[in-house]
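Dropping a structure here in structure tokens format, bear with me for questions.
What you see is a predicted model, and the numbers here were worked out from it, not measured in a lab. Letters A, B, ... mirror the listed sequences (proteins, then strands); counts begin at 1.
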Number of protein chains: 2
Amino acid sequence: MTNVTTIAKEMEEALRADGVRITRQRAALLKVLAGADDHPDANELHRRAREIEDTVSLATVYRTLSALEAQGVVHRLAFEGEPARFETTNAPHHDHIIDLETGEVMEFRSEKIEALQALIAEELGYEVVHHRLELYCRKRK
Amino acid sequence: MTNVTTIAKEMEEALRADGVRITRQRAALLKVLAGADDHPDANELHRRAREIEDTVSLATVYRTLSALEAQGVVHRLAFEGEPARFETTNAPHHDHIIDLETGEVMEFRSEKIEALQALIAEELGYEVVHHRLELYCRKRK
DNA sequence: TTCAATGCAAACCCTTTGCACGGTA
DNA sequence: TACCGTGCAAAGGGTTTGCATTGAA
């Protein structure tokens with residue numbers, strides 16, 4: 001059972017292992033990221049991080065997110081016509097369903113689709129480095 | 001066998017049917033779109049359109065692309081970290097493979113993946129309005 | 001003590017928009 | 001002729017960056 005503090009600590013270690021300094025600002029952002037069960041954008045992360053450490057600037061949020069992404073502990077999502085959203089990578093890989101009416105984002109994972117993607121790429125002489133699959137949906141009547 | 005002129009004419013009719021005027025600028029852009037077998041962005045479309053009609057401005061390219069998208073004759077693609085790219089919708093629906101090294105974009109279609117997506121959405125009480133699937137790949141060694 | 005990380009504000013890039021003029025139907 | 005579409009330039013929104021300062025190790 002991984003609680004918020006544990007996840008944040010794991011991210012800290014991942015950064016520290018790469019020679020990155022853990023500042024108050026970064027610690028605050030890590031805590032926010034670890035505690036987020038939705039898919040917040042940079043602005044929202046900034047807002048939440050300032051509740052913990054009020055000296056965090058939006059520039060630092062962006063810079064830290066880029067660093068975390070480079071370390072592979074954070075994923076950058078880019079849904080249609082929206083600013084980028086972010087999620088930690090402690091949950092296993094998954095794709096997203098977006099409710100077009102409410103904007104709600106849900107996660108799913110299909111081994112079959114994953115396998116088919118690999119197969120398709122293979123037939124063309126490629127291997128999949130990463131992919132993006134988003135289902136823009138509406139509730140069935 | 002649909003040649004470039006035919007496709008452009010079809011797009012013209014689609015627009016005209018909706019009460020949209022066909023100007024020299026729009027005709028030029030339609031011709032460029034119909035003839036494009038790659039996935040150009042707005043800037044590149046602007047460059048190509050000016051070779052036909054040199055009074056086309058970038059603003060008009062954007063405005064016309066939005067109109068064409070609203071009519072459903074053009075699709076807006078949004079690959080990671082790139083400006084939007086555009087393609088006509090005369091080809092049947094397909095998804096994209098992006099070569100991470102060369103930037104080359106290929107198309108593919110998998111009925112199985114399409115069916116699985118519908119199934120997954122259905123299980124959650126949703127129906128898929130549209131989706132986005134991109135495979136970011138590299139050549140296999 | 002050192003040098004990476006920070007806040008601020010300006011810059012960036014792609015895209016959209018306000019306005020007065022031009023051209024299609 | 002009417003009024004939609006246009007070019008231009010300015011504004012917009014999200015994101016990045018230059019610079020002098022701060023602070024983690």
Side-chain angles (χ1 to χ4, degrees), chain A residues 8-9 11-33 39-47 49-50 52-71 74-86 103, chain B residues 8-9 11-33 39-47 49-50 52-71 74-86 103:
Chain A
K9 280 277 179 286
M11 299 176 85
E12 259 193 51
E13 288 317 310
L15 287 182
R16 234 188 273 274
D18 207 71
V20 176
R21 293 179 185 173
I22 307 302
T23 60
R24 281 175 290 115
Q25 290 86 347
R26 282 185 168 166
L29 181 57
L30 292 188
K31 202 177 297 182
V32 168
L33 281 168
H39 302 78
D41 63 18
N43 232 350
E44 175 61 15
L45 289 169
H46 181 219
R47 202 190 59 70
R50 269 191 304 190
I52 300 174
E53 166 58 56
D54 68 1
T55 69
V56 186
S57 73
L58 184 56
T60 287
V61 169
Y62 274 110
R63 277 189 280 233
T64 303
L65 285 170
S66 294
L68 290 168
E69 193 188 13
Q71 298 300 320
V74 152
H75 264 163
R76 181 187 300 257
L77 309 175
F79 301 144
E80 287 182 350
E82 294 185 15
R85 295 168 175 240
F86 300 86
Chain B
K9 280 278 179 286
M11 298 175 86
E12 260 194 48
E13 287 318 310
L15 287 183
R16 235 188 273 272
D18 207 70
V20 175
R21 293 180 184 172
I22 307 302
T23 60
R24 283 175 288 116
Q25 291 85 347
R26 282 186 167 164
L29 181 57
L30 292 188
K31 202 176 296 182
V32 168
L33 281 167
H39 302 78
D41 62 19
N43 232 348
E44 175 63 15
L45 289 169
H46 180 219
R47 201 189 59 70
R50 270 190 303 187
I52 299 173
E53 168 57 58
D54 68 1
T55 69
V56 186
S57 72
L58 184 55
T60 287
V61 170
Y62 275 110
R63 278 189 279 232
T64 303
L65 285 170
S66 294
L68 291 168
E69 192 187 13
Q71 298 300 319
V74 151
H75 263 161
R76 181 186 300 259
L77 309 175
F79 300 146
E80 288 184 348
E82 292 185 17
R85 295 167 176 242
F86 300 84

Checklist entry - What is the distance from CG of B/Leu68 to P of D/dG5, rounded to the nearest Å? => result 12 Å

Next on the checklist: At less than 4.0 Å, is any side-chain N or O atom of A/Arg21 found next to OP1 or OP2 of C/dC3? Yes or no.
Outcome noted: no

Checklist entry - For DNA chain C, whose closest nucleotide is more 5', that of B/Ser66 or that of B/Ile22? => result B/Ser66

Next on the checklist: Just the rounded figure in Å: distance from C1' of D/dA24 to CD of A/Gln25.
Outcome noted: 11 Å

Checklist entry - How about B/Leu45 and B/Phe86: do any of their side-chain heavy atoms sit closer than 4.5 Å? => result yes

Checklist entry - Nearest of C/dT6, D/dT6, C/dA25 to any side-chain atom of B/Arg16? => result C/dA25

Checklist entry - When you check the gap from the basic side-chain N to the acidic O, do A/Glu82 and A/Arg85 get nearer than 4.0 Å? => result yes

Item to check | First of A/Thr60 and B/Asp41 reached from the 5' end of DNA chain C, by closest nucleotide | outcome: A/Thr60

Checklist entry - Looking only at side-chain N and O atoms, does B/Tyr62 come under 4.0 Å of OP1 or OP2 in C/dT15? => result yes

Checklist entry - Given atom CD of B/Glu69 and atom C1' of C/dT16, what is their separation to the nearest angstrom? => result 14 Å

Checklist entry - For the pair made of NE2 in B/His46 and C1' in D/dT6, what is the distance, rounded to whole Å? => result 12 Å

Item to check | For atom CG of A/Leu58 and atom C1' of D/dT15, their distance in whole Å | outcome: 8 Å

Item to check | Of the listed nucleotides C/dC14, D/dA2, C/dT6, the one nearest the side chain of A/Thr23 | outcome: C/dT6

Checklist entry - Are the side chains of A/Leu33 and A/Leu68 in touch, meaning some heavy atoms are under 4.5 Å apart? => result yes

Checklist entry - For B/Val56, does its backbone N or O pair with a side-chain atom of B/Thr60 as donor and acceptor, under 3.5 Å? => result no

Checklist entry - In whole angstrom, what separates A/Leu45's CG from D/dT15's P? => result 11 Å

Next on the checklist: Can you measure A/Phe86 atom CZ to D/dT15 atom P for me and round it to whole angstrom units?
Outcome noted: 6 Å

Next on the checklist: For D/dG18, does the base pair up with any side-chain atom of A/Arg63 as donor and acceptor (N or O, under 3.5 Å, distance only)?
Outcome noted: yes

Next on the checklist: So if I take every side-chain heavy atom of A/Arg26 and compare against C/dT6, D/dA25, D/dT17, which nucleotide ends up nearest?
Outcome noted: C/dT6

Checklist entry - Between B/Arg26 (side chain) and B/Arg21 (backbone), is there a donor-acceptor pair under 3.5 Å? => result yes

